[in-house]
Amino acid sequence: MTWDEIAPLLWEGTGQTAAMVGLSTVFTVLLGLPLGVALVAFDRGGLKPLPALKSVLGVVVNVGRSLPFIVLMIAIIPFTQFVVGTSIGTTAVVVPLTVGAVPFFARLVETSLREVGGDVVQAAQAMGAGRLTIVRKVLLPEALPGIIAGITVTVVALIGYSAMAGTIGGGGLGDLAVRYGYQRFEVPVMIATVVVLIVIVQLIQSLGDLVARRLSHK
């Protein structure tokens, strides 16, 4: 294939990957952030100790993290069909991407929150701040650089997951690599896809690192 033939395919695949990863990232942060906060708050010595509930949440998170993405993607096909009406295509892939990334991101949020000094929380409690106020105005702002770094790692992981989704017709660059690079032995397409993925990951990692450094200097 010539570059004139490859370029439109790469453009379309990149757009589909960006859509999948972008939507999945939004849903992952919306679901994973409160889950990570709950893992810290419900722990012994947390803002609202509920060890039994924390243990249940911990098990759910660990199970979610232990499943390889391609297995998870196939296992929740009925759920995906229930949510979006289909199990094939860019929109459908957002469901397993989100389900797979939420436990991963929640653990990263938990780790970042645990790095916040206990004296900061105790000072807020001494001033009469409530639990939600402490979470919103103390824990999350203090842990923000780590959370941004966690989002960056999660986005990079989602890009890898989205590439795997191409093996079952999920669209994006992974689908392009499978259909043209693997099934049709179009080596130039495979090389171009790999290069684009590397460039995207490097840009996202560099941007995430920059934002995290800027926030940590405040």
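Not counting sequence neighbours, the partners of T80 by the side chain to side chain contact (heavy atoms under 4.5 Å, CB included) test are I76, V84, A92, V95, P96. The side chain to side chain contact (heavy atoms under 4.5 Å, CB included) search around L30 returns V26, not counting sequence neighbours. Residues satisfying the side chain to side chain contact (heavy atoms under 4.5 Å, CB included) criterion with T98, sequence neighbours excluded, are S24, F27, T28, L31, V94, V102.
Heavy atoms only, all atoms of each residue included: P103 and G64 are closest at CG-CA, 4.0 Å. In this structure, A143 and S112 approach most closely via the heavy-atom pair CB-O, 3.7 Å. When all heavy atoms of V109 and V37 are compared, the closest pair comes out as CG1-N, 4.2 Å. Residues A101 and T154 approach most closely at CB-CG2, 4.1 Å, considering heavy atoms. Closest non-hydrogen pair, Y161 versus F69, comes out as O-CE2, 3.3 Å. The heavy-atom pair separating V21 from S162 by the smallest distance is CG2-OG, 4.0 Å.
Rounding to the nearest 0.5 Å gives a distance of 6.5 Å between CE of M20 and CD of Q16. The CD1 atom of I147 sits 11.0 Å away from atom OG1 of T111, with the distance rounded to the nearest 0.5 Å. Between atom CG of residue L23 and atom OG1 of residue T90 there is a gap of 10.0 Å, rounded to the nearest 0.5 Å. Atoms CG and CD1, on L108 and I148 in that order, are 12.5 Å from each other to the nearest 0.5 Å. From L33, atom CG reaches atom CG of L113 across 7.5 Å, with rounding to the nearest 0.5 Å. Between M164 atom CE and I159 atom CD1 the span is 12.0 Å, to the nearest 0.5 Å.
Contact check for M73 versus V99: no side-chain heavy atoms found under the 4.5 Å cut-off.
V194 and V199 fall into different hydrophobic clusters, where Ile, Leu, Val, Met, Phe, Trp and Tyr residues are linked whenever their side-chain heavy atoms come under 4.5 Å apart, directly or through other members. Under the 4.5 Å side-chain heavy-atom criterion for grouping Ile, Leu, Val, Met, Phe, Trp and Tyr, I200 is connected to V211 within one hydrophobic cluster. V201 and L176 fall within the same hydrophobic cluster, defined by Ile, Leu, Val, Met, Phe, Trp and Tyr side-chain heavy atoms under 4.5 Å apart, directly or through other members. V56 and F42 end up in different hydrophobic clusters when Ile, Leu, Val, Met, Phe, Trp and Tyr side chains are linked at under 4.5 Å. Under the 4.5 Å side-chain contact rule for hydrophobic residues, I70 and V93 share a cluster.
Residue pairs meeting the side-chain hydrogen bond (donor to acceptor under 3.5 Å, both in side chains) criterion with at least one partner in residues 191-209, sequence neighbours excluded, are Q205-D209. Applying the salt bridge (charged side-chain N to carboxylate O under 4.0 Å, His left out) rule to pairs touching residues 41-60 yields D43-R114, sequence neighbours excluded. Legend: ring pair (Phe, Tyr, Trp, His ring centres under 6.0 Å) pairs involving residues 71-128, not counting sequence neighbours: none detected.
The number of heavy atoms from other shown groups lying within 6.0 Å of CG (L203) is above 12.
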